[in-house]
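Lettering of chains follows the sequences in order, A, B, ..., and the numbering in each one begins at 1. Not measured: the values here are computed from a predicted model.
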Number of protein chains: 2
Amino acid sequence: MLAISQATDPRSGITMSYPIAAHMASGAGAPNGVISAPVLTALEARSTTIRVERDEEIVAQEDLAINCYQVVSGCVRTVRLLEDGRRHIGEFLFAGDMFGWEALDRHDFGAEAVTPVTLRRYARRDLEQLADQDRGVARRLRELSSCRLRSGREHMVLLGRKTASERIASFLLEMAARINPDARASIELPMSRSDMGDYLGLTIETVCRRLTRLRVDGTIAIDGTKIAIRDRRALGEAGCERVMH
Amino acid sequence: MLAISQATDPRSGITMSYPIAAHMASGAGAPNGVISAPVLTALEARSTTIRVERDEEIVAQEDLAINCYQVVSGCVRTVRLLEDGRRHIGEFLFAGDMFGWEALDRHDFGAEAVTPVTLRRYARRDLEQLADQDRGVARRLRELSSCRLRSGREHMVLLGRKTASERIASFLLEMAARINPDARASIELPMSRSDMGDYLGLTIETVCRRLTRLRVDGTIAIDGTKIAIRDRRALGEAGCERVMH
DNA sequence: CGGACAGTTGAGGCCTATCAATGGTGGTGG
DNA sequence: CCACCACCATTGATAGGCCTCAACTGTCCG
């Protein structure tokens, strides 16, 4: 197993693992990756770190898919706009998440910074080449695909069959799990109500109303952008969460 | 490029390509695959052809993901059931489509036969092994993942932001493109109204009403399970379809 | 201080779900 | 052969959930 290189972000001071290296060497059910360090190092050498301000575009919908990205810090949303202005948000991405590598010739969704964001940019062909050279990387990419497909399907069930209350509850649990797996702590939601609505297939007003409902019920506590889960059990039931065997 | 082996289904008499071979050797933007014929042949040798009757289960939700499948003929639906009986259909799969290979340890959706179905069953580990041995196969799998992710996202926009009319219109165009790309011909929809509803996040009644609306408007013609698209332009506009550049 | 903007809350309307009834079709058994 | 049943599709009536429009608050910032 490759040792994960560490680095410290000069801005945030947060210590983090090197992007691709971290992804390729770790992973939940990752098969023991036989990844050659030199190859990874070469990829990292050809990558660029970029900074994107809040609400700025990272890739435009329909852009030629030359590059892919990994979030180093901050939060990113993937966005699809319909002709008449309706908006849908595909995913929220956080530190460690990658996007754009799974595109065909063009990016089907745009990507924008929800907060100020630091990104690492790679040429997709470099990543492809790496996958060709190293079966461990190829496996990890397959596994990443599977994860994205799975969470995408989960979200489809939410959009297709869940009520507003259930969507909000599921969303809060999802964010809690991703932002701060520590059950006790309150989470800082980086996105606006509008973003939440466009992710959940709801309007801002409905998002607000359901949140206040949960608040008055004592299930959550709201303080500006911070939300604390007071009754995780109630939230789980409200969200129709499945128990995995 | 590997020549695609041909075979004739003893039941339907339809000539078709060998499953995996076809997938691995073809594909829209497929990089010129360097796939060794012997490896593919070995995989095919270890596969099984099975027959499943209408409405029978192929894989159960939460099943251990030992096998994956390719549809040889017929139509398959992937299904997720919520505790209270609400149902969501993830995808409809037709001849040539594969499913189950992208699972993690368990299948997150079940799979059922919409029509009587012929399937080819492969051990996932065999396919994984093939991908490890042959970078062309690995590439093709990545490409397949990308396609599934893309169509999944498209469907999320439908579920999150489109009206009932738009969903029906999009659905008809999608099915027309998959079942019979020939614009003129009428298409035979293999699935029930209930299936359509659970795929589109609607009820049977709404599906019916929107279909009859399209019929009286002269946009489509309905004859039992057969539907003919009379005005493709109107359907495209009704469905909010994007024009790809 | 005023404007812009996100968030919240209220009032009312529309779209879709729900409940219900009918028609059509295929399968079954008398 | 036909009565009967089960099931799917369709259509109607009604209800309810979410959207739309609108007003108000609080905060940030020039």
What is the per-nucleotide protein-contact pattern of nucleotides 16-21 of chain D, from the 5' end, where B denotes a base atom under 4.0 Å from a protein heavy atom, S denotes such proximity for sugar-phosphate atoms only, and - denotes neither?
--SSBB
SB check B:Glu174 B:Arg167 (cutoff 4.0 Å)
no
Where does the angle between the aromatic ring planes of A:Phe99 and A:Tyr69 fall among parallel (under 30°), tilted (30 to 60°) and perpendicular (over 60°)?
parallel
Distance alone, cut at 3.5 Å: any donor-acceptor contact between the side chains of A:Ser170 and A:Glu241?
yes
Would you call B:Glu112 and B:Arg54 a salt bridge, using N to O less than 4.0 angstrom?
no
Do the charged groups of B:Arg77 and B:Asp55 touch, with an N to O distance under 4.0 Å?
yes
Does A:Arg209 pair with A:Glu205 as a salt bridge, N-O distance under 4.0 Å?
no
Check the side chains of B:Arg210 and B:Ser165 for a donor-acceptor pair under 3.5 angstrom, ignoring hydrogens and angles.
yes
Output yes when A:Arg86 and A:Asp198 qualify as a salt bridge under the 4.0 Å nitrogen-oxygen rule, no when they do not.
no
Please report the end-to-end axis angle for the helix from C:dC1-D:dG30 to C:dG30-D:dC1, five pairs per end, rounded to 10 degrees.
30°
Interatomic distance, B:Leu211 CG vs C:dT16 P [rounded to whole Å]:
14 Å
Is the shortest distance from a Lys or Arg side-chain nitrogen in A:Asp108 or A:Arg80 to a carboxylate oxygen in the other one below 4.0 Å?
no
Which part of the nucleic acid, if any, lies within contact of B:Arg167, taking any heavy atom under 4.0 Å across all strands shown: a base, the sugar-phosphate backbone alone, or nothing?
nothing
B:Glu91 and B:Thr78: side chain donor to acceptor below 3.5 Å
no
Distance check needed: D:dT25 C1' versus A:Ile222 CD1, whole Å only.
16 Å
When you check the gap from the basic side-chain N to the acidic O, do B:Arg106 and B:Asp63 get nearer than 4.0 Å?
no
Once you round it to whole Å, what is the distance between P of C:dC15 and CD1 of B:Ile168?
16 Å
Would you tabulate the pairs of protein nitrogen or oxygen atoms and nucleotide nitrogen or oxygen atoms of nucleotides 7-9 of chain D closer than 3.5 angstrom?
residue: D:dA9; atom: OP1; partner: B:Arg193; partner atom: N; Å: 3.4
residue: D:dA9; atom: OP2; partner: B:Arg193; partner atom: N; Å: 3.1

From CG of A:Leu189 across to P of C:dA6 the rounded distance in Å is 16 Å
Could you check how far CZ of B:Arg213 sits from P of D:dT10, rounded to whole Å?
15 Å
Separation of C:dT16 atom P from B:Leu158 atom CG, nearest Å, is 12 Å
